[in-house]
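Keep in mind that the numbers below use all heavy atoms, side chains included, and drop hydrogens, waters and symmetry copies. In what follows, chains are A, B, ... by sequence order, proteins preceding strands, each numbered from 1.
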There are 2 protein chains.
Amino acid sequence: MAQNKVVGPEIERLIQLLARLPGLGPRSARRAALQLIKKKEQLLVPLAEAMGVAVAKVGVCDTCGTVDTTNPCAICADPKRDRSVLVVVEDVADLWALERAAAINAPYHVLGGTLSPLDGVGPEDLNIESLVERCRSGEVAEVILAINATVEGQTTAHYIMDRLTGLDVNVTRLAHGVPVGGELDYLDEGTLAQALKARTRV
Amino acid sequence: MAQNKVVGPEIERLIQLLARLPGLGPRSARRAALQLIKKKEQLLVPLAEAMGVAVAKVGVCDTCGTVDTTNPCAICADPKRDRSVLVVVEDVADLWALERAAAINAPYHVLGGTLSPLDGVGPEDLNIESLVERCRSGEVAEVILAINATVEGQTTAHYIMDRLTGLDVNVTRLAHGVPVGGELDYLDEGTLAQALKARTRV
């Protein structure tokens, strides 16, 4: 590649690593690398430091499976969370999304993916056993399955429901319906059918 | 911000710094940070190292003004470049683009921007004096102005042409015309007029 001649291998490597970030392709990785180099003191130095700190401190919470700089994580350690409720999510990104919405003040349990036999992902590859353990403790009264409404997500939700039968917990799932601000014309039939079925009195 | 409660300040700082990269907004910065943390050994550790190396080694070439890990840069130090030609570009990104095209094997001169009186950018803010010096050395026979075809770029090109009058150098500029693969229907009138005017015999 011609690029190799024009910049040193160190810059080339920086570009190649940046290109592996989601949302950045080869072209935008070059732009990002150039921006980093140009704004060395304001951007490159602090970002290199922040990454060094992340390398040293970030890990997975032994209790819920999220990532944080402490173990147990800030959420599991928070005494103000309602421990009678447990919110089950597929991924850390989903946990972050729910926290941004600030819709619930309960601890979480991160599965780390969904069941996918085709990709060789079985129950033993997800944090399901530890979820059952947490529900067995007797502290949890309700498990909210905040799992994506995809085929894999729903399969995983069904599997978890099966595993939790017999335990003294109520299992609930997120409501289906019209997204706030959404236009009916752009929604799929499945969502519309669910929204009609679950209609509420005004 | 709700985000502060859910992740430690170290992760929050990483997200905020990533969001300042071109091409990444707040949302994609979160996704990038999460990807970095999840792929700690494969992505975060090498990227942190690459940035540390860049902090330590990258600088501006005293001769041409590009960024590289050596000074003079790899291009200025390359004995195979044709030193009778000097390619003037606005920005390092333009230099990289020309090198990727591998269209010319000559050294460069990076202006570091364009004249813009409204933004307070005058000739003394650009590497124009050093360009005149290089042309005075007698080694340069042709200066190619590979400057963007924008109003500011063309103003800058005219200013440079004025500064180089009296010196024994030919000043040329890139050809205007239809981009290779471009459709006439989508081109502006100015480009079409230039392409017609500069038509060539086939």
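Per-residue heavy-atom pair counts under 4.5 Å with chain B were compared for A:Leu44, A:Val53, A:Thr70, A:Val60, and the maximum is reached by A:Leu44. Ranked by heavy-atom pairs shorter than 4.5 Å toward chain A, the options B:Arg31, B:Lys40, B:Gln35 are led by B:Lys40. Most heavy-atom pairs under 4.5 Å with chain B, from the set A:Gly52, A:Gly25, A:Ala33, A:Ala54: that is A:Ala54. Most heavy-atom pairs under 4.5 Å with chain A, from the set B:Leu14, B:Ile37, B:Leu47, B:Leu21: that is B:Leu47. For chain A, the option among B:Ala29, B:Ala32, B:Ser28 with the highest count of heavy-atom pairs below 4.5 Å is B:Ala32.
Heavy-atom distances place no part of A:Asp78 under 4.5 Å from chain B, backbone and side chain included. For B:Lys39, no part sits under 4.5 Å from any heavy atom of chain A, backbone or side chain. Using a 4.5 Å cut-off between heavy atoms, A:Glu41 does not touch chain B at all. Interface remark: B:Gln42 contributes backbone and side-chain atoms alike to the contact with chain A (heavy atom separation under 4.5 Å). Residue A:Val45 touches chain B through both its backbone and its side chain, counting heavy-atom pairs closer than 4.5 Å. With a threshold of 4.5 angstrom between heavy atoms, A:Leu18 approaches chain B through its backbone and through its side chain.
At distances below 3.5 Å, at least one donor-acceptor pair connects side-chain atoms of A:Asp125 with backbone N or O atoms of A:Gly122.
Between B:Gln16 atom CD and B:Ile11 atom CD1 the span is 12.5 Å, to the nearest 0.5 Å.
Within a 6.0 Å sphere centred on NE2 of A:His176, other residues, nucleotides and ligands contribute more than 12 heavy atoms.
Inter-residue side-chain proximity for B:Leu164 and B:Val132 is flagged as met; some heavy-atom pair is nearer than 4.5 Å. Contact annotation: the side chain of B:Thr156 never approaches that of B:Glu90 to less than 4.5 Å [non-hydrogen atoms, C-beta and beyond].
For the residue pair A:Asn148 and A:Thr150, no side-chain donor N or O sits within less than 3.5 Å of a side-chain acceptor on the partner.
With sequence neighbours excluded, no residue satisfies side-chain hydrogen bond (donor to acceptor under 3.5 Å, both in side chains) with B:Asp185.
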